[in-house]
Amino acid sequence: MDDYAIGVLTNIGLFSFVALSAYLLLVAGELSFGQQAFFGVGAYAAGIGTAMLGWPLPLAALAAMGAGALAALLVALPTLRLRGLYFAMATLAAAEMFRILFEMFRWQREVDGEPVGPDGAQGFRGIRWVFEAGVEPIGFLALVWLLLAVVLAAFLLVERSRLGAALRATGEDPQLAGTLGLDVVRLKLGVAAAAGALAALGGALFAHHNTYIEPRNFDIMLGVHSLAYALIGGLGTALGPLLGVALDLGVLEASRVFQGYRMIVFGGLVALLLVFRPRGILDERLVHRITRSR
Amino acid sequence: MIDFLQSTLDGLTLGSTYALLGIGFTLIFGVLRKANLSYGPAIMVGCYGAAWVSMRFGAGLLVLFACVVAIAVVASVYVERLSFAPHRKGSAVAAMVASFALWMQLEEIASLAMPQHIYAFPPLLGAAPLAVGPLTIRVESLVMIAVAVAVCLGLRWLLYRTRFGIAVRAIVDHDTAAELAGIDVGRTFLLVFALAAAIGGIAGFLIVSTQEQVTPMLGMWSTLKGMLAMMLGGLGSLPGAVIGGLALGLIEAHSQWYFGPQVRDFLAYLLLFVLLALRPPWMTTRSAS
Amino acid sequence: MLAVTDLVTSYGKIEALKGVSLEVAEGSITCLLGPNGAGKTTLMMSIAGVLRPKRGSIRFGGEEIAGLKPDRIVSRGLALVPENRLVFPSMTVLDNLRAGAYQRKDDFAADVERMFVRFPRLKERAEQNAGTLSGGEQQMLAVARALMSRPKLLLMDEPSLGLAPLVVEEIFDIIGQLHRDGTTIFLVEQNAHMALKVAQHFFLMEQGKVTFSGDPGSLAEDEVIRRAYLGSKA
């Protein structure tokens with residue numbers, strides 16, 4: 001497999017994390033424009049862990065997930081009572097605040113005689129743990145997809161469980177869910193933390209793949225894209241967001257035919273698709289039909 | 001004290017543009033109950049189109065103004081037909097994501113048609129700033145504020161003294177009952193969209209002619225400012241959008257003066273977040289779910 | 001004047017109307033009775049164009065109107081006074097009337113005056129927001145609003161809902177007046193007692209189908225009332 005293909009596949013994997021993060025919230029009934037903030041928190045946290053504190057990647061990734069969950073709770077707690085576009089705007093405001101904080105964040109440390117660390121708007125260079133550990137691009141690709149597979153398995157398990165049903169019920173009608181005895185508050189907080197950790201894990205891997213991150217990587221565009229991927233791929237299954245990412249990054253990127261016209265084609269196709277399938281390609285009805293016919 | 005007054009003046013100028021953007025965004029959100037993410041991009045396409053006309057034909061400001069508004073309206077009608085009309089009775093999220101998809105489309109169209117990205121735009125007025133005592137007042141500021149006031153009055157007339165206004169207010173109150181009264185809801189939505197685009201176009205023209213340039217950031221920036229103005233003033237209310245826009249302008253001008261551009265943006269977002277978290281009664285004018 | 005044949009309307013997979021057939025004669029007051037959940041409002045909404053029937057036909061004045069949008073149906077001369085009134089609360093009484101006249105291309109000021117003569121309480125409150133009106137006044141406003149489009153057939157969905165008995169009498173008085181002035185009326189009512197006093201013909205609807213058709217003398221009144229409130233299993 002050539003380097004370009006490896007690169008594309010790795011990117012699909014990386015962005016699937018943040019798309020799944022948006023998907024999780026959508027299924028639980030919340031529209032979020034802000035999951036990119038936790039992607040960023042994870043990226044910075046993991047970068048600091050490996051490049052400045054000398055931690056191995058697994059430890060840094062775990063720390064990143066913790067940081068992402070914490071950041072997500074910080075946003076979720078004050079906004080518990082919000083719904084619909086109110087909630088979406090709050091997540092947007094919060095995410096932009098994070099991004100500005102990233103722009104103001106400067107922390108340098110001497111490592112091997114060189115200053116290393118986040119440098120405000122200049123970004124954070126030198127996140128080279130993966131290269132120094134001798135991991136090949138294809139090895140990293142395998143790592144990303146392995147982790148993604150674990151995450152997907154977890155999603156599919158939860159889907160079939162009572163928890164999954166509880167989440168979808170809360171998504172459809174939180175008041176009804178409340179009267180049915182579901183602790184809506186705990187569910188929402190749990191979902192927020194899980195989504196934050198998930199996006200952060202993606203961010204941690206992203207930082208180590210690119211070796212360089214800057215605040216601009218984590219702007220509104222990423223957030224709205226993640227939401228779009230989740231919706232386009234379909235809200236019926238966790239494979240939906242993956243499909244969304246793969247369609248954008250994979251098919252259109254790889255087919256150089258559309259060079260320069262990629263967004264015109266993609267944008268038009270998405271709008272058309274949503275006319276006929278407003279809940280995405282793999283929507284609940286389709287998934288229900290597929291799983292029933294087994 | 002002088003600085004405070006100067007910042008306040010600058011804030012009102014900026015705020016009047018935000019108020020216009022807020023009005024446009026709120027028209028769509030208040031009437032259709034959906035957020036249009038292509039709002040700013042349509043305005044941007046209008047501005048780029050006018051910049052092209054200016055480059056090619058050296059046209060006068062009035063012509064350019066007409067171009068901005070006309071192209072913004074056409075682009076918005078395109079967005080409405082493709083991302084909002086099909087979802088009229090359906091999901092607001094699908095409409096919003098579809099409008100996002102078209103946002104991407106519009107941005108790419110603009111960058112293909114005008115590859116230089118940043119283009120010069122003729123200035124609104126060649127006049128020098130006025131000195132009123134210790135304060136500096138740019139004539140453009142007065143024009144912007146006057147235009148904003150005029151638009152507000154015109155909109156008020158439209159909504160309370162015309163048949164179109166009856167249709168809009170009826171739909172906002174109860175869309176099914178409006179249908180039963182014989183109002184063509186679909187067509188009214190289209191007209192509201194066009195109106196919002198026209199107002200946005202006016203704002204856009206004022207922005208690019210006072211900054212004397214068109215940049216690609218205009219698209220997302222306009223949508224964001226429109227959204228912020230709407231939310232600060234109480235979701236879905238037109239007077240609220242004006243107040244929200246002015247408030248946003250004032251907050252930005254003052255915090256820019258004391259803290260610089262980064263903190264300025266941070267504070268605007270922080271204010272919005274806190275307001276949303278606290279949910280004071282004025283913010284809950286209409287259901288946003 | 002109005003002929004509904006085998007109408008089927010569903011909400012997703014649930015069929016609310018399972019093949020409804022009935023007729024409304026021109027110049028009459030026809031009443032539709034039935035227990036809650038029978039599908040009466042669904043039928044009214046289907047005729048008015050808010051809901052799109054899956055199958056069947058609705059003919060008005062000889063022309064097929066099933067599936068048309070509501071504004072097209074109003075332009076044909078059919079107006080619905082919806083359940084729960086649904087006045088426009090933030091608009092004045094006068095603006096509500098103007099909304100009802102939306103399709104009119106002529107000067108309707110004379111009609112507004114006529115409404116004020118017929119409904120004097122509305123004239124008193126002409127510049128007040130409709131949301132501040134009492135239930136009975138809102139009902140009158142809703143009727144007046146529908147009348148502004150000069151319908152040939154007036155549909156009314158539960159006009160007496162939530163109103164005090166005295167007010168209900170007023171409303172039915174007005175229904176009688178309208179009928180005498182030449183409007184055909186098709187009325188859905190829970191209050192079978194009042195409805196049977198004014199109607200020339202009635203239909204009974206249960207579980208998505210018309211189960212009985214007759215005039216007020218044909219079935220013992222208490223039988224009808226029982227079935228209207230409780231359904232035929234009672």
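Letters A, B, ... mirror the listed sequences (proteins, then strands); counts begin at 1.
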Euclidean distance, [Y] [atom2] relative to [X] [atom1], rounded to 0.5 Å:
| X | Y | atom1 | atom2 | value |
| --- | --- | --- | --- | --- |
| F100(B) | I232(A) | CZ | CD1 | 7.5 Å |
| Q262(B) | R99(A) | CD | CZ | 9.0 Å |
| M89(A) | L272(B) | CE | CG | 5.0 Å |
| E96(A) | F266(B) | CD | CZ | 11.0 Å |

- Winner by heavy-atom pair count (cut-off under 4.5 Å) against chain B, out of V270(A), T91(A), L231(A): L231(A)
- Task: Output the option from R277(A), M104(A), R279(A) having the highest count of non-hydrogen pairs under 4.5 Å with chain B.
- Result: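 The answer is M104(A).
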- Message: Can you tell me which portion of I220(A) sits under 4.5 Å from chain B's heavy atoms? Options are side chain, backbone, both or neither.
- Response: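 For I220(A), the side chain is the part near chain B, not the backbone.
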- Query: Checking heavy atoms, do the side chain of L274(A), its backbone, both or neither come under 4.5 Å from chain B?
  - Reply: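 Both the backbone and the side chain of L274(A) come within 4.5 Å of chain B.
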- Message: Closer than 3.5 angstrom, by distance alone: can the side chain of E108(B) be matched with the main-chain N or O of I264(A) as a donor-acceptor pair?
- Response: yes
- Are any of the side-chain heavy atoms of I100(A) and V263(B) separated by less than 4.5 Å?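 I100(A) does not reach V263(B) side chain to side chain.
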Which bit of [X] is near chain A, if near means a heavy-atom gap under 4.5 Å: side chain, backbone, both or neither?
| X | value |
| --- | --- |
| L224(B) | side chain |
| L82(B) | both |
| L106(B) | neither |

- Item | Test side-chain contact (heavy atoms from CB on, under 4.5 Å) applied to L276(B) and L82(A), step by step | CA-CA 8 Å; L276(B) 285 169; L82(A) 297 176; 3.9 Å; yes
Pairs of donor and acceptor atoms involving the side chains of residues 83-98 of chain B, under 3.5 Å and at least two apart or interchain, shall be tabulated with distances.
| unit_1 | atom_1 | unit_2 | atom_2 | d |
| --- | --- | --- | --- | --- |
| S83(B) | OG | V79(B) | O | 3.0 |
| R88(B) | NH2 | E179(B) | OE2 | 3.3 |
| S91(B) | OG | V93(B) | N | 3.1 |
| S91(B) | OG | A94(B) | N | 3.0 |

- Taking atom CH2 of W221(B) as the centre, does the number of heavy atoms from other residues, nucleotides or ligands within less than 6.0 Å exceed 12?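 Buried by this count: over 12 neighbours within 6.0 Å.
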Please tabulate, for the side chains in residues 28-44 of chain A, all donor-acceptor contacts under 3.5 angstrom to protein atoms that are two or more places apart in sequence or on a different chain.
| unit_1 | atom_1 | unit_2 | atom_2 | d |
| --- | --- | --- | --- | --- |
| E30(A) | OE2 | K188(A) | NZ | 2.9 |
| S32(A) | OG | G34(A) | N | 3.0 |
| S32(A) | OG | Q35(A) | OE1 | 2.8 |
| Q35(A) | NE2 | S21(A) | OG | 2.6 |
| Q36(A) | NE2 | F33(A) | O | 3.1 |

- Message: Give me the atom names and distance for the closest heavy-atom approach of F273(B) to A94(A).
- Response: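 Heavy atoms only, the tightest pair is CE1-CB, 3.9 Å.
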